[in-house]
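So the structure is just underneath, and the comments pick up after that.
Each chain gets a letter, A, B and so on, in the order its sequence line appears, and its residues count up from 1.
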Amino acid sequence: MTGFLSIRNLSVVLAGTPHRLLRSVSLDLPAGEVHGLVGESGAGKSMIGKAILGILPRAIEIAEGEILLDGQDLLQLPPAERRRLVGKTAALIPQDPLTALNPSRRIGPQITDRLVDILGWKRAQAEARAVELLAEVHIPDAPRVMRSYPHELSGGMRQRILIASAFAAEPKLIVADEPTTALDVTVQKQILRLIAEMQSRHGTAILFVTHDLGVVSKVCRSLSVLYGGKVVEETEVRAFFRGPKHAYSAALLAATPKYTDPDTSLTPVPAEVIAAVQAEVEAADGEWRHVR
Amino acid sequence: MALFRTILLRLLTTTITLFGVAVIVFVVIRVVPGNPIAMMLPPGATDADIARLQALYGLDKSIPQQFVIWLTGVMHGDFGTSISLRQPVLDLVLGRLPATLELSIFALVIAVVIGGFMALTGTRLRGTRVEAGIDVANGMALSVPDFLWGLILILLFGVLVPIFHISGRISPSIDFPFMTNFYVFESVARGRFDIWADLLAHMFMPALALAIPLAAIIGQLLKQSLKETMHLDYVTLSRTKGYGENHVIVKEALPNAVLPTLTLIGVQFTFLIGGTVIIERLFSYEGLGNMAIDAVVNRDLPLIQGIVILFALIFTVVNLVVDMTYAALNPRLRHA
């Protein structure tokens with residue numbers, strides 16, 4: 001029991017079936033640390049964040065395990081209490097800024113609503129805080145932006161707003177679910193820098209879900225590599241880039257396109273490596289299912 | 001400036017629509033068999049009598065000539081004189097319009113309340129037996145037409161458990177000097193809630209009969225649209241903030257889900273107004289629809305013409321109101 005977030009043996013199944021989408025995942029996140037969750041599509045990296053925040057799709061159930069947030073097991077709490085605890089101490093930076101803001105609500109209330117309704121702040125106090133936050137994410141003319149509707153703002157602006165909103169309640173944990181994937185490349189860099197900047201200012205622990213090892217190398221201190229719903233390697237970022245221990249991680253790293261050398265062709269993860277990691281996951285806990 | 005142009009355009013299209021309706025109705029009711037003169041004269045009237053009456057009402061002229069005469073009158077605010085009731089058409093029609101408007105609006109309110117409640121309940125309890133029950137109820141409500149609901153309601157609340165009035169608009173015993181024909185609004189405005197209650201007890205069944213099919217449509221579409229909205233990212237994000245299901249449905253999903261339903265309500269509301277013709281007859285409710293049937297039975301050409309034009313005008317106004325509400329509720333259209 002070290003950090004703010006501690007996940008023990010978390011398994012998640014497709015409701016009513018034995019098909020496990022997460023296989024006994026354990027994870028400790030020390031306060032203020034940025035931890036990357038990497039893996040291919042379907043490896044279960046987003047699933048971990050969703051399980052913590054309590055937003056798993058209805059068809060997916062938690063089969064076993066513990067999710068300790070601030071020492072309290074979320075899975076033992078009654079739903080309403082769990083929601084409030086998550087709302088007070090954790091936040092989400094979503095993937096697609098174009099769909100994550102309510103089109104028929106103004107920006108201001110979408111930042112302040114949690115502060116007023118869940119944390120019980122006064123409206124004026126929450127609005128002042130929102131103005132501060134918008135300045136922190138480098139949005140000028142905060143009062144005007146707060147009166148705007150989402151469609152009046154660009155994608156980059158909206159992601160900045162969502163970041164501001166995530167930090168609003170000074171959460172101890174933020175789940176960033178591929179926060180730059182939906183943005184174009186030039187904006188990606190700015191947003192990444194902004195998240196890193198906000199993180200160091202607020203000292204928030206971040207669980208950074210991404211399939212991009214380049215992003216991990218820039219913002220994370222540690223990372224977990226997932227395959228088939230199982231953590232195959234958990235390590236420090238520096239150690240990882242010096243030389244991953246697991247063969248699959250090594251192949252994944254080798255498959256990352258090098259921006260410095262545009263002429264190299266893309267290397268896929270070799271089939272024998274995939275077969276090996278599949279066999280390993282399978283051996284660890286029985287039946288293997290193709291999750292992809 | 002843009003607003004001014006929009007309004008001007010609307011007025012223009014409305015005028016063209018009304019003119020088209022006028023032409024069609026004018027021709028059709030004169031071409032179909034049966035004529036008002038035959039309804040007025042006793043058996044054994046001479047040809048000379050017929051010709052005299054025809055000349056009196058202008059029916060001896062050609063249809064285009066009659067139309068020009070009628071249109072000239074309309075330009076001066078004269079919609080002609082009812083043949084059967086011998087009063088100006090405009091007075092008759094405007095006298096009955098409030099009754100029909102009140103009935104239709106009451107029906108619309110009932111439909112929105114019932115439909116909205118079913119949609120919200122169905123969304124809140126989605127995937128349960130309650131939702132399945134709502135779907136079944138909606139299906140039944142939709143497959144039975146409004147006049148049949150009228151008969152069912154008469155049987156239930158007029159005959160078996162007689163708690164509502166089955167005919168008329170107001171109890172004959174009530175003698176109240178109304179200044180307008182908007183009885184429901186006026187009785188509230190003048191604080192006579194006893195009269196108001198009597199009016200509602202008369203309106204309830206016809207309004208409910210009109211409302212049931214519309215409520216089912218609203219319930220079904222709104223529930224569908226809510227369920228789709230519930231999967232969107234901003235709803236999920238709101239859950240992570242600590243909000244529960246009820247808040248998420250009403251505050252996040254509903255404002256967006258209501259937009260497609262609104263368009264449909266507009267279209268369906270015009271059908272509902274059309275439905276008043278039969279429902280008013282069924283409940284002897286003294287509105288436009290009931291008058292329309294009398295006018296057709298008596299071949300009262302000017303009156304039919306006037307009523308149809310008024311109905312057409314109501315439809316265009318309803319569409320205009322829907323468009324304006326849609327723009328007001330959808331921020332993406334507000335500045336467009």
Side-chain angles (χ1 to χ4, degrees), chain A residues 15 49-50 52-59 79-107 109-120 147-152 158 162 165-166 168-169 171 173-175 177 182, chain B residues 116 119-120 122-132 222-263 323-336:
Chain A
K50 288 192 171 123
I52 298 166
L53 297 170
I55 49 171
L56 286 173
R58 290 189 157 213
E81 240 175 89
R82 175 185 177 176
R83 268 199 316 266
R84 293 185 69 82
L85 180 63
V86 168
K88 282 179 180 172
T89 57
L92 169 73
I93 300 177
Q95 176 169 2
D96 186 354
L98 299 185
T99 56
L101 287 166
N102 191 329
S104 59
R105 296 178 63 208
R106 290 177 198 275
I107 296 297
Q110 298 199 51
I111 301 176
T112 57
D113 56 0
R114 179 202 322 243
L115 299 176
V116 175
D117 298 338
I118 309 295
L119 283 93
R147 265 181 278 115
S148 311
Y149 285 95
H151 72 275
E152 296 165 328
R158 290 191 229 180
L162 287 162
S165 172
L173 168 73
I174 285 181
V175 176
D177 189 1
Chain B
L120 289 171
T123 310
R124 180 69 182 81
L125 302 173
R126 60 191 179 286
T128 68
R129 283 196 194 147
V130 178
E131 194 201 355
L222 186 59
K223 179 160 76 73
Q224 192 53 43
S225 156
L226 271 172
K227 282 174 75 178
E228 281 163 22
T229 313
M230 291 303 283
H231 294 295
L232 298 181
D233 289 350
Y234 55 82
V235 174
T236 307
L237 186 65
S238 176
R239 289 183 199 282
T240 69
K241 290 177 178 175
Y243 289 109
E245 192 72 9
N246 290 343
H247 175 100
V248 162
I249 292 176
V250 175
K251 290 284 170 65
E252 299 282 345
L254 187 61
N256 296 293
V258 86
L259 293 173
T261 316
L262 199 67
T263 317
D323 286 354
M324 286 182 347
T325 324
Y326 196 88
L329 289 182
N330 189 348
R332 278 164 291 188
L333 290 182
R334 209 168 294 163
H335 309 290

Interface moiety of A/Arg82 toward chain B, non-hydrogen atoms closer than 4.5 Å:
neither

Quick one: list whatever passes side chain to side chain contact (heavy atoms under 4.5 Å, CB included) with A/Ser165, sequence neighbours left out.
A/Ile111, B/Lys241

Might you point out which heavy atoms bring A/Arg83 and B/Tyr243 nearest each other, and give the distance in Å?
CD-O, 3.1 Å

From the list B/Thr229, B/Leu237, B/Asn256, B/Val235, the residue making the most non-hydrogen contacts under 4.5 Å with chain A is B/Asn256

Most heavy-atom pairs under 4.5 Å with chain B, out of A/Leu98, A/Asp113, A/Leu85, A/Val175, belong to A/Asp113

Residue selection (most heavy-atom pairs with chain B, distance under 4.5 Å) from A/Ala91, A/Pro103, A/Gly54
A/Pro103

Side chain, backbone, both or neither: which part of A/Leu162 has an atom under 4.5 Å from a heavy atom of chain B?
side chain

Heavy-atom cut-off 4.5 Å, strictly under: side chain, backbone, both or neither for A/Leu101 against chain B?
backbone

Please classify the contact of A/Ala100 with chain B as side chain, backbone, both or neither, using a heavy-atom distance under 4.5 Å.
both

Heaviest contributor of heavy-atom pairs below 4.5 Å to chain B, chosen from A/Ile52, A/Ile55, A/Leu53, is A/Ile55

With respect to chain B, which residue among A/Pro79, A/Gly87, A/Pro57, A/Ser104 yields the maximal number of heavy-atom pairs within a distance under 4.5 Å?
A/Ser104

Could you go through residues 244-253 of chain B and list every donor-acceptor pair under 3.5 Å that involves a side-chain atom there, pairing it with any protein atom two or more places apart or in another chain?
| unit_1 | atom_1 | unit_2 | atom_2 | d |
| --- | --- | --- | --- | --- |
| B/Glu245 | OE1 | B/Arg239 | NH1 | 2.7 |
| B/Glu245 | OE2 | B/Arg126 | NH1 | 2.8 |
| B/Glu245 | OE2 | B/Arg126 | NH2 | 3.0 |
| B/Asn246 | OD1 | B/Arg124 | NE | 2.6 |
| B/Glu252 | OE1 | A/Asn102 | ND2 | 2.9 |
| B/Glu252 | OE2 | A/Arg105 | NH1 | 2.5 |

